[in-house]
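Please read the structure below before turning to the comments.
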Amino acid sequence: MSKEVRVRFAPSPTGALHIGGVRTALYNYLFAKKNGGKFLLRIEDTDQNRYVPGAEEYIKNSLEWIGITPDESPWKPGEVGPYRQSERKPMYMEYAQYLLDQGHAYYAFDTPEELDEMRKRLTAARVVSPQYNSITRTQMKNSLTLPADEVKARLESGDPYVIRIKIPRKEEVRLNDMVRGWVMVHSNSLDDKVLMKSDGMPTYHLANIVDDHLMGITHVIRGEEWLPSAPLHVLLYKFLGWEDSMPQFAHLPLLLKPDGNGKLSKRDAEKHGFPIFPLNWTSPENGELVDGFKEAGYLADAFLNFLAFLGWNPGDQREMFTVEELIEAFSIERIGKSGTKFDINKAKWYNEQYLRKKSNAELSDYLLADLAKENVTVSKEKAEKIVSLMKERATFPADLWKEGRFMVFAPKEFDDRIVDKKWNENVVIVLSAFRDKLEAISTELTADMARTMLGETAEEKEIKLGKIMQAVRLAITGVGAGPDLMQIFEILGKEELILRIDFALKNIKAS
RNA sequence: GGUCCGUUCGUCUAGGGGUUAGGACGUAUCCCUUUCACGGAUGAAACACGGGUUCGAUUCCCGUACGGACUACCA
C-alpha cells in the first residue's frame with residue numbers, strides 16, 4: 001500500500017499572491033483531491049526583511065475565494081505544525097548540525113564585503129560564473145580552510161557565520177521530474193549554497209527540504225523557476241538520509257507575458273489593463289491599490305476553470321469544468337512543458353460562459369447591489385427580468401447595470417449619431433399615436449401587446465416600422481442598440497413608457 | 001557568459017513514424033435578429049531551421065537558431 005498523497009503550496013508572504021502562484025496552488029489542490037490526499041499550506045517566511053504585513057491573510061483569502069481551502073494550514077493546523085517557517089526556526093539547526101557532522105556542510109565566516117570582493121576578483125579573472133564552490137571555497141574563510149581552533153574560537157566568540165552545503169565534486173545529480181522527465185546536472189556546476197543564514201534562519205533550500213520531509217510531503221508541485229535548484233534539493237535529501245522518502249517533483253511551466261517575451265509581471269497587467277492578482281491588494285508600503293480578478297468582475301468558478309487550463313488540458317475537447325470535474329480529469333502527465341502566454345481574452349470568454357449559466361435570481365443580486373450603491377431600489381422580480389434580458393450581452397456582472405441603466409433611469413440625453421441618422425417626422429407621428437394608444441389601455445402592457453400595438457400604429461400611418469424602429473429605441477433608451485425593445489417595453493410598463501415618449505418628443509430635435 | 005528547460009495556427013493546445021494536422025480564444029464572411037449582442041454556419045491561419053535514422057518524419061536522434069528560467073546570507 002502506498003502512502004497517502006500529501007502536497008503543499010508554500011508561498012512567501014512578500015506581497016500579493018500572483019496569478020501564477022494561484023495556479024500552482026490549484027494544481028496542488030487538484031492533484032491532492034484526485035488522489036484522495038491532503039493539500040497543505042505552509043508559509044515560507046524565513047526572510048524577515050521581506051515580510052509584508054497582510055500578505056498571509058491575502059493568500060488565505062485568495063485560496064478561499066476560489067474554493068481551494070487547504071486541509072492543513074497555519075489557521076487549521078494538522079499534526080505536523082507549525083505551518084509557518086518562522087515558527088519552526090528551532091527545528092532546522094538540528095539538521096544543519098547533522099550535515100556538519102557528516103561532513104556535508106561547513107561553517108563560513110566570510111563577510112558580505114569579502115564575498116563581493118571574491119566575485120569581483122573572479123569576474124576580473126574572467127571566470128565564467130563566480131561562485132562559492134569546491135574551488136573557491138579553498139580561498140575563503142571557512143571551517144575547511146581555517147585551523148580547527150580558530151573555527152572553534154570564532155564560534156565561541158559569537159562571530160557571525162553561515163552554514164554552507166559542501167557540494168561534492170564530479171558527481172552526476174539526476175532527478176526524474178514528473179513533467180520534464182530525467183534532468184541531469186553535474187555537481188561541478190552547483191555552488192555551495194548557504195543553508196543557515198547568520199541570523200539563525202534557514203534559507204529556502206534547507207527549510208524546504210526539512211519541512212517537506214517532516215510534513216510527509218509526497219509530491220512537490222511548484223513553478224519552473226525552481227528547476228535549477230532541484231538538484232541541490234536532491235543532494236540535500238541524500239545527505240540527510242531521506243533519499244527513500246524523497247518526494248516526486250513536478251515543475252510547472254511558467255506564465256509568460258502576453259506580448260513579447262518573459263515572465264508575466266505586474267507591469268504587464270498594468271500595461272494591458274488586466275488584473276494579475278486574485279483579489280484587490282493594497283500595498284502597505286505606498287498604499288497603492290491594485291485590482292484583483294474578483295473585484296474586476298471575474299467569477300470564482302470561471303477564474304478557476306480558466307486557471308486550470310493555463311498549462312494543462314484534459315486531452316479531449318471539453319473545456320468547461322467544475323472543480324469536481326477538474327479533480328476527476330486532472331493528471332500531472334497532461335501538464336505541458338512549455339511556457340504559457342497569458343491571454344486575458346480567454347479569461348473573459350470563460351467569464352461570459354459562466355455568467356450566462358448563472359440563474360437570474362443569482363445574477364439579480366449583483367444588479368441589486370450595484371443599484372443600492374446609487375440608492376435605487378427595484379423589486380427583486382423586476383431585477384430578475386432586467387438581468388434575463390442583459391445577461392447574454394454581459395462579460396462581467398457590472399455590465400448588467402452599466403449597459404442596462406436605461407432599464408431604471410430614463411435617458412436624459414440621446415445618442416446624437418442616431419438622432420442625426422434616424423430621427424424624423426415619421427417617427428414623431430408614430431410615437432405620438434402609439435403614446436395615445438398606450439394611454440387608452442387598461443391592462444398591464446406585455447411585450448406581445450406592445451409589438452402588435454406598435455405594428456398597427458405604423459400601419460395606420462402608412463409608415464414602414466423598420467424605418468423607424470431604431471429611432472423608437474432611441475427615444476426610450478437613449479441609445480441605438482440593446483436587447484429586444486418589446487421586452488424592454490414590458491419591463492418599463494406603460495406609465496414609464498408614456499413619460500419617456502413625452503420627454504423624447506419634447507427634447508429630441510432633428511438636425 | 002555558464003547551467004538547466006523549452007519550441008504545432010496571432011494565443012491556449014490535441015496529435016504523433018503514413019492524418020484533408022483536430023479543437024478553443026481571437027479574427028473574417030454569411031445566417032438568425034425590424035438594432036446590438038447571443039446563437040448557428042463557413043473561412044483564413046501552425047508542425048522554427050539544418051542534418052541524420054527510415055520506404056516514409058511534424059512525430060525519433062543530433063546540431064543550429066530562437067525563447068525562457070536560474071546564476072543572493074530572496075523565495
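Lettering of chains follows the sequences in order, A, B, ..., and the numbering in each one begins at 1.
When distances are taken from the side chain of Ser338(A) to each of C38(B), U8(B), C70(B), the shortest belongs to U8(B). Across G39(B), C73(B), C5(B), the shortest atom-to-atom separation from the side chain of Gln353(A) is found for G39(B). The side chain of Ser189(A) sits closest to U3(B) out of U11(B), U3(B), C5(B). The side chain of Asp343(A) sits closest to C25(B) out of U3(B), C25(B), C74(B).
When the P atom is compared between C30(B) and A65(B), the two are found 48 Å apart, to the nearest whole Å.
Position along RNA chain B of the nearest nucleotide to Pro253(A) versus His186(A) favours His186(A) as the more 5'-ward residue. A residue-by-residue look at Thr340(A) and Trp226(A) shows that Thr340(A) has its nearest nucleotide of RNA chain B further toward the 5' end.
The nearest whole Å value for the distance from the CD atom in Glu44(A) to the P atom in C73(B) is 18 Å. To the nearest angstrom, P of A14(B) lies 13 Å from CD of Glu333(A). Taking atom CD1 of residue Ile488(A) and atom P of nucleotide U35(B), one finds them 13 Å apart after rounding to whole Å. Between Gln131(A) atom CD and G2(B) atom C1' there is a gap of 8 Å when expressed in whole angstrom units. Between the CZ atom of Phe414(A) and the P atom of U35(B) there is a distance of 21 Å, rounded to whole Å.
Among the protein residues, Asp110(A) comes within range of the nucleic acid bases, having at least one heavy atom under 4.0 Å from a base atom. Within the 4.0 angstrom heavy-atom criterion, no nucleotide atom of any strand lies near Asp45(A).
Residue Ser12(A) places none of its side-chain N or O atoms closer than 4.0 Å to OP1 or OP2 of C74(B). Of the side-chain N and O atoms in Lys391(A), none sit less than 4.0 angstrom from OP1 or OP2 of A37(B). For the OP1/OP2 pair of C38(B) and a distance below 4.0 Å, the side-chain nitrogens and oxygens of Arg356(A) include no atom meeting the criterion. Neither OP1 nor OP2 of U35(B) sits under 4.0 Å from any side-chain N or O of Lys422(A). Side-chain nitrogen and oxygen atoms of Lys346(A) include none within less than 4.0 Å of the OP1 or OP2 phosphate oxygen of G10(B). Contact check, Asn313(A) against A14(B): a side-chain N or O comes under 4.0 Å of OP1 or OP2.
Counting heavy atoms from C-beta outward, Thr145(A) and Gln139(A) have side chains that stay 4.5 Å or more apart.
One can find a donor-acceptor pair under 3.5 Å joining the base of C73(B) and the side-chain atoms of Ser198(A).
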